[in-house]
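Notes to accompany the following structure.
Quick caveat: nothing in here was measured; it's all calculated off a predicted structure. The basis for the numbers below is simple: all heavy atoms, side chains too, and nothing from hydrogens, waters or symmetry mates.
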Amino acid sequence: MTNRRFKTIPWLLALFLSAVFSTTAVAAPQNAEMQIVPRDDVDEQKLSANGIRTINGKHVAIHADVRERPDIDELASVFDQAVPQWCRYFGVDESAIEPWKLGASVILDPSRFERAGLFPADLPKFLAGYQRGSQIWLYVQQGDYYTRHLLLHEGTHAFMNQFLGGLGAPWYSEGMAELIGLNEWRDGKLTIAHGVTHRDEVPYWGRVALIRKAVEKGELRTLEEVMLIPGSAFRQVESYAWAWAACEFLSHHPLSEKCFADLSSHCSDDPETFNRRLTEPLQADWPELEFQWRQFLIEIDYGYDVSRAAIAPANASSEKPGTEFLIAADRGWQSTGLQVTKGKSLTITASGEFQIARDTEPWPCQANGVTLEYYRGLPLGRLIAAILPSSAPDGSIADLVVIDVGNQATIIPNLDGRLLLRLNESPAHWRDNAGNIKVHVR
């Protein structure tokens, strides 16, 4: 048997983003003036004198003072391939973007761009990238991935401003630019909003590490707190991490994905109105979303599957409905629907075999798990339980306390609530699991 997962494999796949694609075409704003880089705005002789070269594409002119970096040479092609993908993502008619073109300054030494007239004196200080009107500015980053990511991030801002009429609230603006900017560039082909499964795919990006650090410190933010992050806070990279995480979660969770997808039609709203577009239709589900958001933050990892992690009803066994359940290996917490009482014991017994992973051959597993690898202190694939408590008077729901079960256990709940069951594994690795086990509760 190959040692498939015995390396540390981080995180958040962010991303089967078809769930947030708009279902209707969005027209360009009626009175919007198409942003085209004027030819006489760029003095090529002055650029050349300052060591800046121009790489022209259909929708972007890249001005760069970096040489002997193949990834910089490819940026115009990257941008041009992103444009039709932005259209499909947001449901914009591709014919609307035909004449659209931006200028992008890719900067190693800002003084060269100042002398060449491409770095205006009124440009505010920015962390890594900035977009205004028909121009983008970004500093060259280490490695080829992050410079490309920044170009797509700022390009997403430009696209939303031009074709969606605005950016929405700051958390949405920056979170969507981060989420869509995640990319794969393979053999000259671009994929935006890429489903990242390992941190090595996105070197120097670091958003997951920032969330994990906050979790370790106990500094978790609620969804409402993230939605109230002001634009000025995005001078700090931590704000980008929280905004991205919120967009990743809300775009994929079954309770919020539809309302979240509708937000792209309201990007011209002021932030307060924009946020209400999301929270008001979800008012009844908001405590549940906040609770599951917290679980997402606690287990965040590259490849985390938000939709599979959402609490779902367990399948009842046809033999003994109400007391016997089939717990799927490829999902997160599954609700039995059984209400348990504080102090009243119950016995849980599991039988059967499932597939916990697959390399060259399937990994068979039973409810006791496999001790070759552990996740959160328990064997991989081990049956675990938790009690989902009723909401507090303020609507909040307490964190889950994991209960070790294995093949059989008698547990005594320390609170009233609903019994949840799950097989112990990182949410990043459920996709190659298969089958289920039979669990009897008495």
Side-chain angles (χ1 to χ4, degrees), residues 11-17 19-21 89-90 149 153 156-157 160 164 166-182 193 195-196 202 205-215 219-264 266-267 269 271-283 285-307 309-310 396-397 427:
W11 137 238
L12 205 353
L13 169 73
L15 312 153
F16 281 22
L17 292 170
V20 300
F21 286 11
Y89 190 97
F90 289 112
H149 179 95
H153 177 114
T156 300
H157 285 326
M160 291 173 68
L164 304 185
L167 297 173
W171 70 273
Y172 180 82
S173 165
E174 300 299 345
M176 289 299 283
E178 281 294 289
L179 189 147
I180 296 171
L182 289 167
V196 181
V202 287
W205 184 60
R207 308 302 187 245
V208 175
L210 290 170
I211 298 293
R212 285 176 168 172
K213 190 173 182 180
V215 171
E219 297 174 352
L220 280 70
R221 297 191 186 190
T222 66
L223 282 170
E224 288 195 76
E225 288 172 337
V226 173
M227 291 167 65
L228 293 175
I229 295 176
S232 60
F234 288 93
R235 296 188 182 98
Q236 302 296 324
V237 71
E238 289 81 5
S239 295
Y240 290 92
W242 286 108
W244 160 77
C247 288
E248 165 65 15
F249 176 80
L250 292 167
S251 68
H252 292 104
H253 196 284
L255 291 176
S256 57
E257 59 184 348
K258 184 180 183 304
C259 289
F260 185 87
D262 290 343
L263 290 177
S264 64
H266 304 286
C267 288
D269 286 349
E272 184 177 350
T273 303
F274 182 88
N275 286 342
R276 284 203 307 269
R277 300 272 190 188
L278 179 69
T279 57
E280 287 183 355
L282 295 173
Q283 186 173 3
D285 294 319
W286 201 257
E288 177 87 1
L289 275 170
E290 285 283 13
F291 167 73
Q292 295 200 43
W293 157 254
R294 189 174 176 88
Q295 304 310 306
F296 163 68
L297 297 177
I298 290 169
E299 292 193 81
I300 197 167
D301 196 0
Y302 289 93
Y304 188 111
D305 191 324
V306 173
S307 61
S396 64
I397 303 175

Worksheet entry | Any donor-acceptor N or O pair under 3.5 Å, side chains His253, Gln292 |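 Short answer, yes.
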Worksheet item: Do Thr273 and Asn275 get their side chains close enough for a donor-acceptor pair, meaning under 3.5 Å?
Response: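 No, because no side-chain N or O of Thr273 sits under 3.5 Å from a partner of the opposite role on Asn275.
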Please check if the side chain of [X] supplies one atom and the backbone of [Y] the other of a donor-acceptor pair under 3.5 Å.
| X | Y | result |
| --- | --- | --- |
| Ser173 | Ala169 | no |
| Tyr172 | Leu167 | no |
| His149 | Gly181 | yes |

Worksheet item: Any side-chain heavy atom of His252 sitting closer than 4.5 Å to one from Glu257?
Response: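 His252 vs Glu257: side chains apart.
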Discussion item. Just so I know, are the side chains of Arg212 and Leu297 near enough to count as touching, which here means a heavy-atom distance under 4.5 Å?
Written reply: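 Arg212 vs Leu297: side chains apart.
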Which side-chain N or O atoms in residues 223-233 pair as donor and acceptor under 3.5 Å with protein atoms at least two apart or in another chain?
{"residue": "Glu225", "atom": "OE1", "partner": "Thr222", "partner atom": "N", "Å": "2.9"}

Worksheet item: Residues in side-chain contact (heavy atoms from CB on, under 4.5 Å) with Ala177, at least two apart?
Response: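 Ala177: side-chain contact (heavy atoms from CB on, under 4.5 Å) contacts with His153, Thr156, His157.
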Worksheet item: Can you list the residues that meet the side-chain contact (heavy atoms from CB on, under 4.5 Å) rule with Gln236, with sequence neighbours excluded?
Response: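 For Gln236 the side-chain contact (heavy atoms from CB on, under 4.5 Å) partners, ignoring immediate neighbours, are Glu238.
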Worksheet entry | Derivation and outcome, salt bridge (Lys or Arg N to Asp or Glu O under 4.0 Å), residues Glu290 and Arg294 | CA-CA 6 Å; Glu290 285 283 13; Arg294 189 174 176 88; over 6 Å; no
Item to complete: State yes or no: are the ring centers of Phe296 and Phe291 separated by less than 6.0 Å?
Response: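 So the answer is no for these two rings.
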Discussion item. Is the ring pair Trp293/Phe249 parallel, tilted or perpendicular, if the boundaries are 30 and 60 degrees?
Written reply: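 Plane angle over 60°, so perpendicular.
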Discussion item. Is the ring pair Trp244/Trp205 parallel, tilted or perpendicular, if the boundaries are 30 and 60 degrees?
Written reply: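 The rings of Trp244 and Trp205 stand perpendicular, inter-plane angle above 60°.
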Fill in: Derivation of the side chain to side chain contact (heavy atoms under 4.5 Å, CB included) call for Trp171 and Met176
CA-CA 8 Å; Trp171 70 273; Met176 289 299 283; over 6 Å; no
Practice prompt. Please check if atom CZ in Arg235 has more than 12 non-hydrogen atoms from other residues, nucleotides or ligands closer than 6.0 Å.
Written response: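 No, CZ of Arg235 has 12 or fewer neighbouring heavy atoms, counting only those of other groups under 6.0 Å.
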Worksheet item: Should we count CD of Glu219 as having more than 12 external heavy atoms under 6.0 Å?
Response: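 Atom CD in Glu219 is packed in, count exceeds 12.
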Can you tell me how far the [atom1] atom of [X] sits from the [atom2] atom of [Y], to the nearest 0.5 Å?
| X | Y | atom1 | atom2 | answer |
| --- | --- | --- | --- | --- |
| Leu278 | Ser256 | CG | OG | 7.0 Å |
| Leu164 | Phe90 | CG | CZ | 5.5 Å |
| Gln295 | Ile298 | CD | CD1 | 4.5 Å |

Which atom names give the shortest non-hydrogen contact between [X] and [Y], and what distance separates them?
| X | Y | result |
| --- | --- | --- |
| Phe234 | Ser239 | CE2-O, 3.4 Å |
| Ser251 | Cys247 | OG-O, 2.8 Å |
| Trp242 | Arg221 | CH2-N, 3.5 Å |
| Cys267 | Gly166 | CB-O, 3.3 Å |
| Pro427 | Glu299 | CD-OE1, 3.5 Å |
| Leu255 | Leu282 | O-CD2, 3.1 Å |

Worksheet item: Is Asp262 paired with Arg277 through a side-chain N to carboxylate O contact shorter than 4.0 Å?
Response: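 Judged by the 4.0 Å cut-off on N to carboxylate O distance, Arg277 and Asp262 do not form a salt bridge.
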Worksheet item: Ile300 and Val215: side chain to side chain contact (heavy atoms under 4.5 Å, CB included), yes or no, with the steps?
Response: CA-CA 10 Å; Ile300 197 167; Val215 171; 5.6 Å; no
